[in-house]
Structures are given as structure tokens and as C-alpha cells.
Number of protein chains: 2
Amino acid sequence: MAQSRGETRARILRTAADLFQRQGYGATGLTQVLTESGAPKGSLYFHFPQGKEQLAAEAMAQAGAEMGERMAAALAGAAGPADAITALGALLAQGLENSDYRDGCPVATVALEEAGDAGPIHDACQGTYELWLLGLTERLRGWGMAEQEARELADLAMSSLQGALLLARVRRDSTVVHSVARRIGAIAAQEAGQK
Amino acid sequence: MAQSRGETRARILRTAADLFQRQGYGATGLTQVLTESGAPKGSLYFHFPQGKEQLAAEAMAQAGAEMGERMAAALAGAAGPADAITALGALLAQGLENSDYRDGCPVATVALEEAGDAGPIHDACQGTYELWLLGLTERLRGWGMAEQEARELADLAMSSLQGALLLARVRRDSTVVHSVARRIGAIAAQEAGQK
DNA sequence: ACCTCTCTAGACCGGTCGGTTTAGTGTTCG
DNA sequence: CGAACACTAAACCGACCGGTCTAGAGAGGT
């Protein structure tokens, strides 16, 4: 056998995550995933018996977890709340710039498409956001912020960054991500200080 | 003739705007638009000779303009920067709640799908955001804010609201929209005051 | 050696996709 | 009255959709 155990599965998953992120669920065909990953159709349905839905749910969960780790690393190196949020902004903005404004949030496009109907894809997207928010909330708490305050601030930061990412992709200009991160970071520092 | 001049065209456009908003561009078939609007296929290609792309571009532009008017009305009734931004939040949150979390931003889903490639749809989405931002910026300037300050604050408010709308749709809970609007409103008031 | 189990390979399916074409219907205006 | 026009109506097209199925290649165990 040419590939080692599970290698094809991983390659399909990665390709699918990239395509879903950039084009959305409905606009991405399985044929495209297969062509770009170099896998035959039989392999796809061997590894993902529930078809496109399972593939998308797993792809979103994986992409979300990977981005979560990158976020955690950025947060770990931050000196305080303001630094933490500008670091998140820088991380996301860099992803945009490095991909010619194709890679924004790994789950946002699919999340919006699937927001209407329940199912594993929606669950995976929702879980991803809650994972990220949990990580940020805990980091803020580590700087002495109260539980509810940290949670609300994390919501505010995540919302702002997500929206800025959307605006930046549409404009093909990442300036807004940096400026929004800077402002929200300043608010976070202020709230942490006056506590 | 059963319908008056252009009535079928308007009905197709409205149905298309609703479906694109909720499901995205790729996931919405022309057949569905036709079925729900009650129009035959021939009429669609008579009124929109460039097909699906033209339909989507016009639908986004119309939906964006309508929302822009609703936003302008909300802004017109506001007493100051804080009031203005909470009013926008209330408007958007109400749309979510009234539609069982289906109607968020009328263009966001399509905008993300089409962010990668240039074309009339992307242009319509970008134009919509710039229209909204222009309206908010001018309203802020009316309260004595400097040009650049108003522009940056409008970017911040729009980003935050868009992101909150995304989060709220995924969670099926509009709380985050209200809380984000309140906080950003407070910042806006503070900036306007200390000027 | 051989069997078994995992995984690859791709032909094939019915259905739906966006799009085209042709015929016809009602209105308007000369 | 009848020709020109605006629009409706739906049959039809090739391409592609997601999904199924069967055949076989390769590695590991005994």
C-alpha cells in the first residue's frame, strides 16, 4: 500500500477544510475535494460513511481545533489583556494576508450557511466558537478578571474580531482587523485595571 | 396579463434575497427561487439575462439598501452616539428574533462565500457595507466627531455588530448582540465626550 | 504460502443544477 | 384590425451533483 494508515483520510479532511472555509458548504463539491486531494471517491465514502455532512462536520471541528491551538499559543505569549487581544488580531490578520484574503475564520462561512438548520455541521461550528471563547475567558480570568466580566469581554472581543475579519475579506484590506483589535484591547486593559 | 409591469421581477428578487440571505449563494438553487416565487423559468431569464449571478447581485444590492434605510431610520431617532449604536443592535437583534434566527445580516453569508473572487456579487456586498458605514459615519460626525475618529468608530461598531450577529445566529441567542451594542455604544459616547 | 482485513480505484446511478429555446398570451398603439 | 411588444410558460439540454457498488491491490498475521 502506498500510503500509511489514515493518511488519505487526513489529506481529504485537510483539503475539505480549506475548500469549505473559502467557498462554503453548498458551493464546494465532493468532486473538487477529491480532485484537489488526489483521492478516489471510494476512499471518501470508506472514511466518511455519512458522506458530505460528516466530512464537513469533521473538517470544521479539526480546523476549529487547530486555529484554537494557534490562538492559545498567541494568548500564552501575551503580557496582559490588551496584548492578548492585539495578538489574536495579528494572528487572524496574518492568515488573511498570507492567503490573499481567502482564509478568514475557518468556520464562519459554513456556520452562517448552516445556522438555520440543526445537525452535526452546526454543532461543530458552535463547539468551535465556544472552545475559542473558553480559552480567551480563562486567559482573562488569569489576569484577575471576574468570571462574568471575562466572559462578556471575550464575547465582545470575539464578535469584534469576527466582524472585522468579514469586513477585511470583503474589502481585501486587513487594516480594520488591526485597528479593531487595538481598540478592544485597550478596553480590556481598562476594565482589568479598574477592577 | 395577470401581473402588472415588473411585478414578477420584484417578486423573484425578493424571494431570491430571502433565500440567499438564509442559505447562501451556492446552496440556493434557481429552481427553489422559482418555486417559492411562483414564477416560471422563462421569466427569470427574461428579467435577469445574466442569470444567477445578476439575480444575486441585484438581490444583495436591494436587500442591503432596504436594511440601510431601516438603519438610517434607527439612527435618525437616536439622541447620541451610545443611543445610536444600541439602536442599531436592537434593530438587528429584532430581525434575528422575529425570524427564529434565520435573518441576520442580509449580505454576510453571500459576502463570505464570494469574498474570494471578484464579480458583481462581491461588488454589491462591498457596496452595501460601505453604504452602511457611510451612514453611520455621517451620523457620528453630526454629533461633533472628527472625520477620522468617526470613520474608525463606525468600523468598530459595524465589525462588532456583524460578529455579534454571527455568534448570535450560531448560538440561537441574541443576548450577545445587545450586550456588544451596549458596550460599543458606551465607548462611542466616551470618545465623543472627551473630544 | 495463504487468508484476511483495510483501503484504493473508478464505473455507474438517478436527480438536480444553471441555462437555452421555442411557442404562446395578453396589452398597447398605429 | 393587426402588428409590435412585453412577458409568461414549460420542454429541453449537457454537465455535474452526492451517493452506491463491485473489483482488486497491498500489508500483516499465522
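A, B, ... follow the sequence lines: proteins, then strands. Residue 1 opens every chain.
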### Query
Between A/E152 and B/R183, is there a salt bridge with N-O shorter than 4.0 Å?
yes
### Message
Can you tell whether the side chains of B/R172 and B/E97 come within less than 4.0 Å, N to carboxylate O?
### Response
no
## Note on the structure
Residues of residues 111-125 of chain B with a heavy atom under 4.0 Å from any atom of DNA chain D, listed by number, are none
### Task
Please report the C-alpha distance between B/E66 and B/R14 in whole Å, then the side-chain angles of each, then the deciding distance to 0.1 Å, and finally whether the salt bridge (Lys or Arg N to Asp or Glu O under 4.0 Å) criterion is met.
CA-CA 11 Å; B/E66 283 172 4; B/R14 170 138 311 281; 2.6 Å; yes
### Query
Does NZ or CZ of B/R139 lie under 6.0 Å from the centre of the six-membered ring of B/W143, at an angle within 45° of the ring axis?
yes
#### Entry: Qualifying salt bridge (charged side-chain N to carboxylate O under 4.0 Å, His left out) pairs, either residue in residues 103-119 of chain B, two or more places apart
B/R22-B/D103
### Query
Under a 4.0 Å heavy-atom cut-off, which of residues 30-58 of chain B touch DNA chain C?
B/L30, B/T31, B/K41, B/Y45, B/G51, B/K52
### Query
If you count the non-hydrogen atoms of other residues, nucleotides and ligands that lie under 6.0 Å from CD in A/E147, is the total more than 12?
yes
### Query
Looking only at side chains, do B/Q126 and B/E130 share a donor and an acceptor under 3.5 Å apart?
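Result is no, nothing qualifies.
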### Query
Any luck finding a side-chain donor-acceptor pair between A/T15 and A/S37 under 3.5 Å?
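Note: A/T15 and A/S37 side chains miss the donor-acceptor criterion.
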### Query
Taking OP1 and OP2 of D/dT8, is either one under 4.0 Å from a side-chain nitrogen or oxygen of B/T8?
yes
